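For reference, the structure is listed below as structure tokens.
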Amino acid sequence: FKMVIKLYSTMAFLFKEVEWVLRARAKRNNPTLELMLCKNNHLYCSDTYRAHIIEIDNESGLNEGLYEVIKNTKKEIIVSKVDSDISRFPDIDKIFPFHDNYKEKEVTVYKDMTSLSRAFCEVVLFSQKKINFKFFSDLAEDSYICYVYEKDAPLIFKNEQKKVIIMPIN
């Protein structure tokens, strides 16, 4: 018996959160990263270049474990729990530096291209790091604190519900 969860776009809250986190999911060549992790009321996806983490309501119906994405369209998302052993998914929380040697900047990202481009340039100039514009555009319609650590460290964006990690382009 496999647990299958269907989400529809009419389910405004949970659908939007799952759709957003799935944007960072690996699409091929890495079977583990093609999965979505649910752990401690958070959803995780990563393609090794970026990671999306979002807090969800503990009444969401998503239990701790790894989920295969069966369908992901603008109107419907279907996931199936495939494993309760979450240890095979990378521990993304370890990526977050735990020291005070950083600088931070508040960034509000709007969806229109002018505002998005302006915010992107602000972050690149502030951080002195090149990042993927498409990955940055996933931040649209929200405000974040951008954390900049040492030279080769990823950029980290956080707000009350979401965390985003974007690896710099060398």
Side-chain angles (χ1 to χ4, degrees), residues 2-28 30-96 104-113 115-116 119-120 123 131-147 154-167:
K2 270 191 171 181
M3 184 169 95
V4 175
I5 296 177
K6 294 183 179 185
L7 302 170
Y8 300 97
S9 57
T10 53
M11 304 163 73
F13 180 74
L14 190 58
F15 182 89
K16 284 179 68 176
E17 277 60 19
V18 172
E19 184 274 329
W20 179 82
V21 86
L22 289 177
R23 292 179 199 174
R25 181 175 66 101
K27 304 297 187 273
R28 58 185 167 281
N30 191 327
T32 300
L33 291 179
E34 291 175 17
L35 302 174
M36 177 180 71
L37 170 66
C38 183
K39 178 177 89 172
N40 300 328
N41 293 326
H42 286 78
L43 299 178
Y44 296 76
C45 278
S46 177
D47 60 8
T48 71
Y49 302 105
R50 62 183 165 165
H52 286 184
I53 303 152
I54 193 162
E55 186 175 359
I56 57 169
D57 190 308
N58 59 2
E59 303 296 318
S60 68
L62 290 167
N63 300 321
E64 189 159 294
L66 294 169
Y67 289 81
E68 174 184 24
V69 180
I70 297 167
K71 186 175 185 180
N72 183 8
T73 67
K74 289 182 180 182
K75 293 186 178 188
E76 180 180 37
I77 297 171
I78 301 174
V79 295
S80 173
K81 188 171 182 182
V82 294
D83 202 341
S84 292
D85 178 14
I86 62 172
S87 66
R88 65 185 181 121
F89 198 88
D91 189 353
I92 293 172
D93 292 325
K94 285 186 177 177
I95 294 172
F96 291 94
E104 65 181 66
K105 176 177 185 56
E106 188 168 344
V107 181
T108 301
V109 186
Y110 298 102
K111 199 168 185 155
D112 69 277
M113 191 53 77
S115 299
L116 190 60
F120 179 77
V123 166
I131 58 172
N132 183 304
F133 182 77
K134 183 180 181 301
F135 297 169
F136 182 80
S137 67
D138 286 339
L139 302 174
E141 300 181 12
D142 231 330
S143 292
Y144 298 84
I145 301 294
C146 172
Y147 296 88
L155 287 178
I156 297 172
F157 299 86
K158 288 167 60 171
N159 66 23
E160 290 198 10
Q161 188 186 21
K162 298 176 182 177
K163 294 179 190 170
V164 177
I165 301 168
I166 302 177
M167 295 302 295

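Just so it is clear, the structure is predicted and the values come from calculations on it, not from any experiment. One-based numbering along the sequence shown.
Rounded to the nearest 0.5 angstrom, Lys105 NZ and Leu155 CG are separated by 12.5 Å. Rounding to the nearest 0.5 Å gives a distance of 5.5 Å between CG of Leu37 and CD1 of Ile86. Interatomic distance, CD of Glu55 versus NE2 of His42, reported as 4.5 Å (0.5 Å rounding).
Residues satisfying the salt bridge (Lys or Arg N to Asp or Glu O under 4.0 Å) criterion with Glu141, sequence neighbours excluded, are Lys111. The ring pair (Phe, Tyr, Trp, His ring centres under 6.0 Å) test applied to Tyr49 returns no partner, not counting sequence neighbours. With sequence neighbours excluded, the residues forming a side chain to side chain contact (heavy atoms under 4.5 Å, CB included) with Ser143 are Thr108, listed by chain and number. Remark: Lys74 pairs with no residue by the side chain to side chain contact (heavy atoms under 4.5 Å, CB included) rule, at least two apart or across chains. Partners of Asn132 by side chain to side chain contact (heavy atoms under 4.5 Å, CB included), not counting sequence neighbours, listed by chain and number: Lys134, Phe135, Ile169. Residues satisfying the side chain to side chain donor-acceptor pair (under 3.5 Å) criterion with Thr73, sequence neighbours excluded, are absent altogether. A search for side chain to side chain donor-acceptor pair (under 3.5 Å) contacts involving Ser9 returns nothing, not counting sequence neighbours. Every residue meeting the salt bridge (Lys or Arg N to Asp or Glu O under 4.0 Å) condition with Arg88, not counting sequence neighbours, appears here in chain and number order: Asp83. In terms of the salt bridge (Lys or Arg N to Asp or Glu O under 4.0 Å) criterion, residue partners of Asp47 (sequence neighbours excluded) are, by chain and number, Arg50. Residues satisfying the side chain to side chain contact (heavy atoms under 4.5 Å, CB included) criterion with Asp142, sequence neighbours excluded, are Tyr144, Asn159, Lys162. Taking the salt bridge (Lys or Arg N to Asp or Glu O under 4.0 Å) definition, one finds that Asp91 meets it with Lys39, sequence neighbours left out.
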message = Walk me through whether Ile78 and Ile5 qualify under side chain to side chain contact (heavy atoms under 4.5 Å, CB included).
response = CA-CA 6 Å; Ile78 301 174; Ile5 296 177; over 6 Å; no
Please tabulate, for side-chain N and O atoms in residues 62-71, each donor-acceptor pair with protein atoms closer than 3.5 Å (sequence neighbours left out).
unit_1, atom_1, unit_2, atom_2, d
Glu64, OE1, Asn40, N, 3.3
Tyr67, OH, Asn63, N, 2.9
Tyr67, OH, Asn63, O, 2.7
Lys71, NZ, Glu76, OE1, 2.7

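Judged purely by atom type and a 3.5 angstrom limit, His52 uses its side chain to pair as donor or acceptor with the backbone of Trp20. Within the 3.5 Å criterion, the main-chain N or O of Glu34 finds a donor-acceptor partner in the side chain of Arg25.
Counting all heavy atoms, side chain and backbone alike, Met113 lies closest to Phe133 at SD-CZ, 3.8 Å. Across every non-hydrogen atom of Phe136 and Val109, the tightest pair is CZ-CG2, 3.9 Å. Nearest approach of Phe89 to Ser46, heavy atoms of both residues: CZ-N, 4.4 Å.
Sparse packing is recorded around OH of Tyr110, with 12 or fewer heavy atoms of other residues, nucleotides or ligands lying under 6.0 Å away.
Using a 4.5 Å heavy-atom threshold, the side chains of Ile53 and Cys45 count as separate. For the pair Leu22/Val18, a side-chain contact is recorded, criterion being any heavy-atom separation below 4.5 Å from C-beta on.
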